[in-house]
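Below: the structure, in structure tokens.
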Amino acid sequence: MVVVVSHAQSWSAFLTLRQAPLTSSSSFRIRPLTPRFRSLTPRFTTQRLGSLNTRCSINTDVLTDIATDQEVRDDVATDDCGCTIPVLHLKSDILETEALNLLAKGTFVDTLLTTLPVLSEEEQNIIAATPAHPAGLYALYASCLAGYMVEQLWNFASPAAIALIHPSLLPVALMGFLAKLAVIGGGPLVGKLMDHFPRVPAYNCLYIVQTAAQLMSVGMIIHGHTLHPTSASSLLFRPWFIVLVLVGAVERLSGLALGVAVERDWVVLLAGTNRPVALAQANAVLSRINLLCEIVGAALFGILLAKYELVVCLKIAAGLMMGALPIVVSLTWLTNKLSSGVLDRAVETCLSCSFPSSLKSENIVGVGLEAIKHGWFEYIRQPVLPASIAYVLLYFNVVLAPGGLMTAFLTQQGLNPSIIGGFSGLCAFVGVAATFVSAKMVKHLGILKAGAAGLVFHASLLTTAVAVYWSGCLSQQTPVFFFLALVVLSRLGHMSYDVIGQQILQTGIPASKANLIGTTEVSVASLAESIMLGVAIVVNDVSHFGFLATLSLVSVVGAACLYCRWLENPTDTQRTLFSFSPHL
């Protein structure tokens with residue numbers, strides 16, 4: 001029971017009883033007033049008391065035994081400052097009786113509860129498919145289109161330009177390996193920094209760092225192109241190449257952090273965590289943009305390289321980088337503006353967090369090691385760890401996927417280069433198709449079962465492909481095409497889980513730890529990929545391709561089994577996180 005006493009112009013008192021909703025098992029308890037008459041003497045000024053007269057409600061049934069004006073006038077207390085305060089005489093037994101009667105009738109509160117509108121299933125589905133901030137999402141798509149185009153173009157141009165400087169694969173392999181080490185070691189540190197600073201300024205600063213690293217890489221490659229080194233070993237110890245390796249690692253680390261911020265944090269806020277269909281569609285659109293930029297970026301630089309000299313192509317790429325910088329920064333600001341400032345706040349609003357302040361007192365190495373330790377600790381504690389481990393296990397599959405090892409194997413089989421290029425292109429287009437399929441799978445199966453379907457489909461087709469390989473008939477052209485067709489179709493399941501698994505992680509990971517856990521997960525995935533590349537370096541003969549393919553298959557089947565076992569026995573936390581999924 002809440003007793004509200006208010007002052008009116010004529011000192012008339014008004015009393016309101018507020019009833020809270022009770023369950024059938026709960027009981028209504030009223031604390032009795034030990035003294036029969038209790039004086040309420042707050043020290044208010046006359047002006048403050050007068051300002052309360054418009055916020056009171058009258059309940060005449062309860063005011064039956066309140067003292068008359070004469071009784072109240074006799075018991076007026078005078079404050080030290082000269083303000084007179086009225087004293088109300090309340091009978092606790094009457095209040096208890098009337099309160100119980102109110103509970104029995106439940107007139108006002110029950111009326112309020114019964115008049116609340118209930119959405120139909122169709123209306124709930126419409127809300128689930130409608131983004132929370134659609135205009136902000138479109139601005140984010142445009143920003144990602146400009147940023148991804150330049151990034152994917154440079155991802156293709158950088159190794160191609162280095163390979164034209166020297167025909168050995170060692171410089172490119174060394175740059176890729178050191179970039180993965182930078183991601184493994186620096187990913188948690190950058191993710192923790194992103195979690196401690198405001199989103200939009202941190203994103204823009206990081207994109208400026210990435211662009212600066214790309215421009216410096218362009219300058220180093222142009223400088224190296226004029227020197228013409230005689231051997232790969234002499235190239236590795238040139239100052240310009242050392243600078244190129246360092247800025248390349250910074251560029252990859254920055255790109256990783258930007259991607260995690262958009263895919264694990266921003267898109268969740270703009271689409272809505274409790275709107276699974278809208279979030280699935282937003283993830284699918286981002287994946288399509290990334291895949292299309294990968295195709296267009298590689299094709300664009302290839303066309304430029306066929307018409308112009310390498311230095312001219314690199315200068316054109318540098319111009320695109322500088323032109324994209326103000327576009328991305330402006331669209332990032334516009335995204336926040338159109339979404340009513342939903343990205344304004346820092347992920348952690350505490351300005352005196354221990355981590356940023358430690359940068360002033362400790363060395364960066366100690367802070368980095370602590371960030372890596374904390375990132376691994378939070379990664380292991382996340383509520384959707386099995387889904388994340390399944391995602392990481394897919395990165396062990398570096399053989400049964402478009403890439404350098406598959407290209408080398410197909411070349412040894414004597415296939416035409418146009419067929420090999422067509423295989424890579426088909427894999428990319430199937431990935432784009434998977435982004436359309438994944439949203440419909442989430443709508444009809446639910447998030448969790450859609451992820452299981454993608455993994456099982458991926459594992460089944462790769463099992464058939466490995467069986468075709470071990471049948472020993474790949475010496476003929478038709479079985480080779482059948483083998484490649486199975487690998488291409490398996491990408492449908494892989495990319496579907498890539499989109500759906502990302503949504504599972506978006507839902508299960510708290511917003512305050514999204515960047516830290518996301519960058520740590522990508523670091524673990526890079527570690528898994530590096531392990532398989534190390535095995536491939538040791539077992540480098542093409543005759544051992546079957547062994548590498550079997551290892552890749554085991555990792556994919558293990559991911560599917562782990563995820564399905566997790567899905568069979570959902571925990572209370574899992575049910576709470578995905579309570580909006582009707583198919584859980």
Side-chain angles (χ1 to χ4, degrees), residues 131-134 136-144 147-148 183 187-207 209-210 253-276 278-287 289-290 328-329 331-350 353 355-356 371 374-375 378-379 382-384 387-388 391 447 498-523 525 577:
H133 304 280
L137 266 180
Y138 288 126
L140 180 66
Y141 295 155
S143 175
C144 290
Y148 287 174
V183 169
L189 175 62
V190 177
K192 195 168 181 66
L193 285 172
M194 294 286 286
D195 279 335
H196 280 79
F197 290 99
R199 291 183 177 92
V200 176
Y203 186 91
N204 288 335
C205 289
L206 207 56
Y207 188 77
V209 170
Q210 184 188 30
L253 191 57
S254 302
L256 160 72
L258 291 172
V260 169
V262 170
E263 296 171 2
R264 296 293 175 85
D265 189 15
W266 289 32
V267 71
V268 179
L269 295 174
L270 296 174
T273 310
N274 58 345
R275 304 187 182 198
L279 185 56
Q281 291 173 349
N283 289 330
V285 172
L286 289 177
S287 296
I289 291 174
N290 193 17
V328 172
V329 173
L331 288 174
T332 302
W333 175 84
L334 183 62
T335 299
N336 189 37
K337 187 75 173 178
L338 294 177
S339 59
S340 303
V342 72
L343 304 176
D344 268 335
R345 66 176 182 84
V347 178
E348 290 190 11
T349 56
C350 176
C353 297
F355 181 78
H374 182 59
E378 294 292 345
Y379 176 77
Q382 64 173 311
V384 289
S388 179
Y391 177 81
I447 298 176
D498 186 73
V499 176
I500 296 169
Q502 179 175 301
Q503 183 174 352
I504 294 173
L505 298 173
Q506 290 168 340
T507 306
I509 298 175
S512 60
K513 302 175 183 177
N515 291 291
L516 175 63
I517 296 178
T519 51
T520 303
E521 181 189 68
V522 177
S523 300
L577 289 172

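The figures here come from the full heavy-atom set of this structure, side chains too, leaving out hydrogens, waters and symmetry mates.
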Approximate separation, where rounding is to 0.5 Å, of L258 CG and L253 CG: 10.0 Å
Parallel, tilted or perpendicular: ring planes of Y203 versus Y207, cut at 30 and 60 degrees: parallel
Which atom pair, heavy atoms only, marks the closest approach of L256 to V522? CD1-CG1, 2.9 Å
Point-to-point distance, once rounded to the nearest 0.5 Å, from CG of L140 to CG of L331: 9.5 Å
Is the shortest heavy-atom distance from the side chain of L338 to the side chain of H133 under 4.5 Å? no
Distance in Å, Q503 CD paired with R264 CZ, rounded so as to fall on 0.5 Å steps: 11.5 Å
Expected output: side-chain Q502 to main-chain V499 donor-acceptor under 3.5 Å: no
Taking atom types as modelled, is there a side-chain donor on N283 or Q506 under 3.5 Å from an acceptor on the other? yes
Run E263 and V268 through side chain to side chain contact (heavy atoms under 4.5 Å, CB included) and show every step you take. CA-CA 8 Å; E263 296 171 2; V268 179; over 6 Å; no
Nearest 0.5 Å please: distance from the CG atom of N515 over to the CZ atom of F197. 12.5 Å
Rounded at 0.5 Å granularity, tell me how far CD1 in I504 sits from CD1 in I447. 7.0 Å
Any non-hydrogen side-chain atom of M194 less than 4.5 Å from a side-chain atom of T519? no
Going by heavy atoms in the side chains, are Y141 and T335 under 4.5 Å from each other? no
Quick one: closest heavy-atom pair of T332 and S143, and the distance? OG1-OG, 3.6 Å
Beyond-backbone contact of T520 with E378, side-chain heavy atoms, under 4.5 angstrom: no
What one should report as the nearest heavy-atom pair of L270 and S339 is CD2-CB, 3.5 Å
Nearest 0.5 Å please: distance from the CG atom of D265 over to the NZ atom of K513. 14.0 Å
Least distance between heavy atoms, L286 atom then C144 atom: CD2-SG, 3.8 Å
Looking only at heavy atoms, what is the nearest atom pair of L516 and G375, with distance? CD1-CA, 3.7 Å
Between V260 and A514, what is the shortest heavy-atom contact and its length? CG1-O, 4.2 Å
Heavy-atom check, side chain of R275 versus side chain of P131, under 4.5 Å: no
